[in-house]
2 protein chains.
Amino acid sequence: MAIIKRETDYAVRALRKLAGADDFVSVSVLAEGEDVPAIFLRKIMQRLNRAGMVQSRQGPFGGYRLNVAPEDITLLDVVETVQGPLVMNECFVEPEVCRRTEFCPVRVRLAELQVELNARLAEVTLGEVFSAEPAGEGAAR
Amino acid sequence: MAIIKRETDYAVRALRKLAGADDFVSVSVLAEGEDVPAIFLRKIMQRLNRAGMVQSRQGPFGGYRLNVAPEDITLLDVVETVQGPLVMNECFVEPEVCRRTEFCPVRVRLAELQVELNARLAEVTLGEVFSAEPAGEGAAR
DNA sequence: GATAATAGGAGTGATATACTCTTATTGAAT
DNA sequence: ATTCAATAAGAGTATATCACTCCTATTATC
Ligand code: SF4
Ligand code: SF4
């Protein structure tokens, strides 16, 4: 199973394009050449908007633009905003799923992993990732 | 989303019980008091069996027994056997899902996280986890 | 105020997860 | 040897999640 869902991956692609523009960009332009169904990307952008990560404007010449600097957006932010919180096991978000939570040694180990995974995801910023792209950008193949 | 699925969690519970027995234990006994649907656990045990982690015997007085010492079973083993391989993103297992794999900086970061997550999961052995259980065991509560 | 471009949000099909039913095996008692 | 009950094997089903689409509301420009 993949931990990162398609929607999150698509969100990163769109945010990358937004980072390279300073005006509002429409969803159809954002989806262009990114192998993302535009109509699906719209839904994803809505979530980023509700989370305040981007700003939207309706009507002609509308679209989305970044509301937060790429350096201040972490991979964890995108994951949690788009696909929801990431947990090692269900018992971390749904206490009633298991009555062992109090004295479960498995859970203790998983909690450690959970903290570490989140920390690693939070270490990666979009600013960093985008700056690492191959020099000859724009119409990359 | 939970990274560890119910089936994997159930597998660990069953393996814990097997670790405390030295004869074959039937699925119905394994499921007893573990809040696991016995008939579902059976399917899970089949996977552990095919992977060689446990040994099965049919007929009366049959069931399952460990085929590998708990110290030699890692959490990663159980996860991969029961719910399949764990990857950060689909492009790690399905190359045709994306044509950017060659020059994608996101993928590079995810690959690092992937290695680390797997390493951490592989560090945790069932032997270690089970030995950490509260002293008064057996009829816990 | 009409128009066309755009975002908003409800809705749908496909896939994966969680769980069950039926069939085949086998050890032991007769 | 034959029967029988206990047990595992594997096919099958309901529900939840994922991936994606359709229709409706908004709004800048003419
Ligand atoms: S057994 Fe432990 S790890 Fe599994 S769901 Fe219960 S508390 Fe969480
Ligand atoms: S964009 Fe990068 S991380 Fe995402 S699927 Fe493609 S190669 Fe993988």
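We name chains A, B, ... by the order of the sequence lines, and we start the count at 1 in each one.
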**OP:** Would you indicate what A/Tyr10 reaches in the nucleic acid, counting non-hydrogen atoms under 4.0 angstrom: base, sugar-phosphate, or nothing?
**Re:** sugar-phosphate
Subject >> Sugar-phosphate only, base, or nothing, as touched by A/Arg47 at under 4.0 Å among non-hydrogen atoms >> reply: nothing
Closest approach to the side chain of [X], judged atom by atom: which nucleotide of [options] is it?
| X | options | answer |
| --- | --- | --- |
| A/Gln46 | D/dC18, C/dG8, C/dA7 | C/dG8 |
| B/Ser26 | C/dT20, D/dT7, D/dT27 | D/dT7 |
| A/Lys43 | D/dC20, C/dA7, D/dT7 | D/dC20 |

Original post:
Distance check: side-chain N/O of A/Ser56 vs OP1/OP2 of C/dG8, anything under 4.0 Å?
Top reply: yes
Taking [atom1] from [X] and [atom2] from [N], how many angstroms apart are they, rounded to a whole number?
| X | N | atom1 | atom2 | value |
| --- | --- | --- | --- | --- |
| B/Arg42 | C/dT22 | CZ | P | 14 Å |
| B/Arg57 | D/dT7 | CZ | P | 11 Å |
| A/Leu41 | C/dG8 | CG | C1' | 14 Å |
| B/Arg65 | D/dA8 | CZ | P | 13 Å |
| A/Ile44 | C/dG8 | CD1 | P | 13 Å |
| B/Phe24 | D/dA8 | CZ | P | 10 Å |
| B/Tyr64 | D/dT7 | OH | P | 12 Å |
| B/Glu7 | C/dA16 | CD | C1' | 10 Å |

**OP:** Specify the residues of residues 81-96 of chain A, ordered by number, for which at least one heavy atom lies under 4.0 angstrom from an atom of DNA chain D.
**Re:** none
Subject >> Beyond-backbone contact of B/Leu113 with A/Ile3, side-chain heavy atoms, under 4.5 angstrom >> reply: no
Subject >> 4.5 Å side-chain heavy-atom contact, A/Leu15 and A/Val54 >> reply: yes
**OP:** Could you say whether B/Phe40 or A/Asn49 is positioned toward the 5' end of DNA chain C, judged by the nucleotide with the nearest heavy atom to each?
**Re:** A/Asn49
Subject >> Closest-nucleotide 5' rank along DNA chain C - winner of B/Arg6 and B/Gly59 >> reply: B/Arg6
Subject >> Presence of donor-acceptor pair under 3.5 Å, side chain of A/Gln58 and base of C/dG8 >> reply: no
Original post:
Under the side chain to side chain contact (heavy atoms under 4.5 Å, CB included) criterion, do B/Arg6 and A/Asn89 qualify, and how do the steps go?
Top reply: CA-CA 8 Å; B/Arg6 251 56 275 308; A/Asn89 203 338; 3.5 Å; yes
Original post:
Is A/Arg100 salt-bridged to B/Glu34, going by a charged N under 4.0 Å from an acidic O?
Top reply: yes
Original post:
Any Lys/Arg nitrogen of A/Arg120 or A/Glu123 sitting under 4.0 Å from an Asp/Glu carboxylate oxygen of the other?
Top reply: yes
Original post:
Just wondering, more than 12 heavy atoms not from A/Glu102 lying within 6.0 Å of its CD?
Top reply: no
**OP:** Return the minimal non-hydrogen interatomic distance between B/Gly52 and B/Asn67, and the atom names on each side.
**Re:** O-ND2, 3.1 Å
Original post:
Honestly curious: do A/Phe40 and A/Val12 fall in one hydrophobic cluster under the side-chain, below-4.5 Å linking rule?
Top reply: yes
Original post:
For DNA chain D, whose closest nucleotide is more 5', that of A/Lys5 or that of B/Phe61?
Top reply: B/Phe61
